[in-house]
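I have placed the structure first, in the form of structure tokens, so that the comments after it can refer back to it.
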Amino acid sequence: MSEEVFVRHCSPTLAGIKTANLFSCRFADEKEMRNSVRRLNGVLVKKGVRVLSLRYRNGCALIYAYRPSRLVQDLQQSAACRLLEERGYTFKEPEQCIVQLMQRLADGGEFPHEIGLFLGYPPEDVCGFIENRAERYKCVGEWKVYGDVDKAKETFAGYQKCTEVCLAQFAQGKSIERLTATV
């Protein structure tokens, strides 16, 4: 995976304004994927960011870059806890919840739409998505919005601006390490 692809998909997390980003990426094989993830973690862990492959199948990995400190806060919200319990999550520690999420992805059953909680989406929007079967949303951007449209649009614009700035700085030679805020 090229660093430019990673920056394109993960700038808001690198900048410290978003809990996590998730994207699919093709790899020649699983070894290349593991090496890419290991290399990124070697640079980013000290900045408070972790990178995982949530699933690898048919040459494609689901890459998850997240800030553990923010994920703790997000998953402690009462609405998030309630939704995770309803979806069969039995652990309270974020790392254990990530393991359960990975198991749900590997099972190949219904896609675990609670994944939005792991990305920092508002719990009311994640619940709305699940309850409405992705229909009757108020607006769409990074996610489908069922709650506060104005706040969501402001957030979407912030993520877009962040990505543009990070990509421009990366193109000018700024490293991923220097692009990543220590939060």
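Here Met33 contributes atom CE and Ile63 contributes atom CD1; the two are 6.5 Å apart, rounded to the nearest 0.5 Å. Rounded to the nearest 0.5 Å, atoms CZ (Arg82) and SG (Cys127) are 7.0 Å apart. Annotation: the span from Thr19 atom OG1 to Tyr121 atom OH amounts to 10.5 Å, rounded to 0.5 Å. We find the CD1-NZ distance between Ile176 and Lys47 to be 12.0 Å, quoted to the nearest 0.5 Å. Rounded to the nearest 0.5 angstrom, Lys18 NZ and Thr13 OG1 are separated by 5.5 Å. One distance of note links CE of Met1 with OG of Ser53; it measures 9.0 Å at 0.5 Å rounding.
Residue Arg26 comes nearest to Cys60 through the heavy atom pair NH1-CB, 3.4 Å, listed as atom of the first residue, atom of the second, then distance. For the residue pair Val149 and Cys139, the shortest heavy atom distance occurs at CG1-SG, 3.9 Å. Between Pro12 and Thr163, the closest heavy-atom pair is CD-OG1, 3.7 Å. Smallest separation of non-hydrogen atoms from Ala134 and Lys144: O-NZ, 3.2 Å.
With contacts defined as side-chain heavy-atom distances shorter than 4.5 Å, the pair Leu52/Tyr66 qualifies. Side-chain contact between Arg8 and Phe23: absent, with no pair of heavy atoms (C-beta onward) separated by less than 4.5 Å. A 4.5 Å side-chain heavy-atom check between Pro68 and Arg50 finds at least one atom pair inside the cut-off. Looking at heavy atoms from C-beta onward, Ile115 lies out of side-chain contact with Tyr64 at the 4.5 angstrom threshold. Side-chain contact check for Cys25 versus Phe6: every heavy-atom pair is 4.5 Å or farther apart. Two residues are said to be in side-chain contact when any heavy atoms from C-beta on lie closer than 4.5 Å; Arg178 and Gln169 fail this criterion. Phe118 places none of its side-chain heavy atoms less than 4.5 Å from the side chain of Leu22. A 4.5 Å side-chain heavy-atom check between Asp125 and Tyr137 finds every atom pair outside the cut-off.
Side-chain polar atoms of Gln96 and Gln100 form no donor-acceptor pair below 3.5 angstrom. The closest side-chain donor-acceptor pair between Asn35 and Arg38 falls under 3.5 angstrom. Side-chain atoms of Glu131 and Tyr146 include no donor-acceptor pair closer than 3.5 Å.
Hydrophobic clustering (ILVMFWY, side-chain heavy atoms < 4.5 Å, transitive): Leu119 and Leu44 are in distinct clusters. Val37 and Met102 end up in different hydrophobic clusters when Ile, Leu, Val, Met, Phe, Trp and Tyr side chains are linked at under 4.5 Å. Leu14 and Val5 fall within the same hydrophobic cluster, defined by Ile, Leu, Val, Met, Phe, Trp and Tyr side-chain heavy atoms under 4.5 Å apart, directly or through other members. In the hydrophobic clustering of this structure, Leu84 groups with Leu54; members are Ile, Leu, Val, Met, Phe, Trp, Tyr whose side-chain heavy atoms approach within less than 4.5 Å, directly or through other members. Residue Tyr159 is grouped with residue Leu117 when hydrophobic side chains (ILVMFWY) are merged at heavy-atom distances under 4.5 angstrom, including chains of intermediate members.
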Exercise for the section: Would you check, one step at a time, whether the test side chain to side chain contact (heavy atoms under 4.5 Å, CB included) holds for His113 with Ile130? Expected result: CA-CA 7 Å; His113 295 295; Ile130 292 168; 3.7 Å; yes

Problem - Test side chain to side chain contact (heavy atoms under 4.5 Å, CB included) applied to Ile98 and Leu71, step by step - result: CA-CA 10 Å; Ile98 291 171; Leu71 185 60; 3.7 Å; yes

Exercise for the section: Just do the side chain to side chain contact (heavy atoms under 4.5 Å, CB included) check on Thr180 and Val43 with the steps written out, would you? Expected result: CA-CA 9 Å; Thr180 306; Val43 172; over 6 Å; no

Practice task
Show the numbers, then the answer: is there a side chain to side chain contact (heavy atoms under 4.5 Å, CB included) between Phe129 and Glu114?
Solution key: CA-CA 9 Å; Phe129 184 91; Glu114 68 275 6; over 6 Å; no

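Counting non-hydrogen atoms of neighbouring residues, nucleotides and ligands closer than 6.0 angstrom, the CD atom of Glu4 exceeds 12 such neighbours. Heavy atoms from other residues, nucleotides or ligands lying under 6.0 Å from NZ of Lys174 number more than 12.
Using bins of under 30°, 30° to 60° and over 60° for the plane-to-plane angle, the ring pair Phe27/Tyr56 lands in the tilted bin.
For Arg136 (side chain) and Gly128 (main-chain N/O), no donor-acceptor pair under 3.5 Å exists by modelled atom type. No donor-acceptor pair under 3.5 Å is formed between the side chain of Lys138 and the backbone N or O of Asp148.
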